[in-house]
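A short write-up of the structure that comes next.
As a basis for the values below, the full set of heavy atoms in this structure was taken, side chains included, without hydrogen atoms, waters or symmetry mates.
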Amino acid sequence: MPKMIVSIDGVVIKEVQLTKDRTTLGRRPYNDIVIDNLAVSGEHAVVQMTGGQVYLEDLNSTNGSYVNGKAVKKQLLQDGDSVEVGKYKIKFVSDVLGESFEKDMMVKAGTGGLAPSVAPTVSTPPATSGFAVQSSAEPLRAAIKVLSGAAAGREVPLTKVVTTIGKPGVAVAAITRRQRGFVVHHVEGAGNPALNGASIGVEPVALKNGDLIELAGTQMQFVQA
């Protein structure tokens, strides 16, 4: 099944399976692929699947859509093509063999706190109205423990290379596994996450066991065996 892999500065922040004939991309929260960046139009582009082929069509966006560095109005996508929207790069993968992308947990933000729900696969687009956790690649002995809200006590294993946490449009951070441990950095949204009370920027910051992360009003703890 084809998919789009969204990254910024070389860090993957989300993967979206193309399960529909029409997948929208833009800054507004109702899009299937939400990119919260002022360089991206509210309704920027659409990915259409027709007869086994996938096309990217720009929706008269302000800053345009690019495929492999060239501005396009409508373009047939080939496996490995790079779509550029603002500072974001979106890699098109026509088919994925022997690989499954799982959404580990979704923690929805509400007035009563955070309530967890588990989704077995990523057959639906990433939620734009909740506190989403999604990731990609191999197991490690580390986890994020939710400390506040209805989901307090819930642990999300960091079994993938990249795990993104947050609420699109509010604050999103990425936790990345490296050879010598984990790092966290701010990805998008006006609300900067905090690590042990200090604001986290776009530069990766190393995590150590027991570190406290606060994001979109939710407190979490990094736990590493």
Side-chain angles (χ1 to χ4, degrees), residues 1-50 53-94 96 101 103 106-109 119 122-136 162-174 185-193 202 215-216:
M1 182 179 295
K3 69 177 179 178
M4 308 295 283
I5 304 174
V6 185
S7 64
I8 184 171
D9 296 330
V11 177
V12 174
I13 60 172
K14 66 181 73 173
E15 297 187 17
V16 180
Q17 300 280 4
L18 299 179
T19 59
K20 305 191 301 180
D21 291 339
R22 180 182 172 89
T23 300
T24 60
L25 182 155
R27 195 175 71 251
R28 302 298 182 193
Y30 50 73
N31 286 284
D32 298 307
I33 303 176
V34 179
I35 299 181
D36 183 26
N37 186 282
L38 293 178
V40 180
S41 296
E43 297 175 0
H44 196 100
V46 62
V47 178
Q48 299 186 74
M49 291 198 295
T50 307
Q53 294 183 313
V54 180
Y55 292 85
L56 174 80
E57 182 177 357
D58 185 76
L59 298 177
N60 297 316
S61 63
T62 301
N63 294 312
S65 300
Y66 296 79
V67 176
N68 300 327
K70 296 181 180 180
V72 299
K73 176 59 181 175
K74 187 173 183 178
Q75 175 75 31
L76 173 65
L77 295 178
Q78 305 289 341
D79 183 54
D81 277 351
S82 176
V83 177
E84 289 130 40
V85 178
K87 294 182 179 180
Y88 290 76
K89 290 188 177 182
I90 308 171
K91 183 180 180 181
F92 172 68
V93 180
S94 63
V96 183
F101 175 70
K103 182 184 290 183
M106 181 184 301
V107 187
K108 295 182 178 179
V122 75
S123 57
T124 55
T128 58
S129 59
F131 194 95
V133 176
Q134 59 195 44
S135 43
S136 76
V162 178
T163 300
T164 55
I165 56 175
K167 183 177 180 182
V170 178
V172 176
H185 72 98
H186 183 213
V187 173
E188 62 182 24
N192 272 34
V202 296
L215 182 65

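Here the NE2 atom belonging to His44 is positioned 10.0 Å from the CG atom belonging to Asn37, to the nearest 0.5 angstrom. A distance of 4.0 Å separates OG1 of Thr24 from CG of Asp32, quoted to the nearest 0.5 Å. One finds the NZ atom of Lys20 at 10.0 Å from the CE atom of Met49 (value rounded to the nearest 0.5 Å). Between Lys91 atom NZ and Lys3 atom NZ the span is 9.0 Å, to the nearest 0.5 Å. Rounded to the nearest 0.5 Å, atoms OH (Tyr88) and CD1 (Ile13) are 5.0 Å apart. Once rounded to the nearest 0.5 Å, the distance linking CD of Glu15 with CD1 of Ile90 reads 12.5 Å.
Pairing each heavy atom of Val47 with each of Met4, the nearest pair is CG2-CE, 4.3 Å. When all heavy atoms of Glu43 and Tyr30 are compared, the closest pair comes out as OE2-OH, 2.8 Å.
For Thr62 (side chain) and Ser41 (main-chain N/O), no donor-acceptor pair under 3.5 Å exists by modelled atom type. In this structure a side-chain-to-backbone donor-acceptor pair under 3.5 Å is missing from Lys14 to Ile33.
Residues satisfying the side-chain contact (heavy atoms from CB on, under 4.5 Å) criterion with Ala173, sequence neighbours excluded, are Ile165, Val184, Pro193, Leu215.
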Can I get a per-line list of side-chain donor-acceptor pairs under 3.5 Å for residues 68-77, giving both atom names and the distance, sequence neighbours left out?
from: Asn68; atom 1: OD1; to: Ser82; atom 2: N; distance (Å): 2.9
from: Asn68; atom 1: ND2; to: Asp81; atom 2: OD1; distance (Å): 3.0
from: Lys73; atom 1: NZ; to: Asp58; atom 2: O; distance (Å): 3.0
from: Lys73; atom 1: NZ; to: Asn60; atom 2: OD1; distance (Å): 3.0

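Side-chain contact between Arg27 and Asp36 is present, with heavy atoms from C-beta onward closer than 4.5 Å.
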- Query: Where do Glu57 and Tyr55 land on the side chain to side chain contact (heavy atoms under 4.5 Å, CB included) test, with the steps shown first?
  - Reply: CA-CA 6 Å; Glu57 182 177 357; Tyr55 292 85; 5.9 Å; no
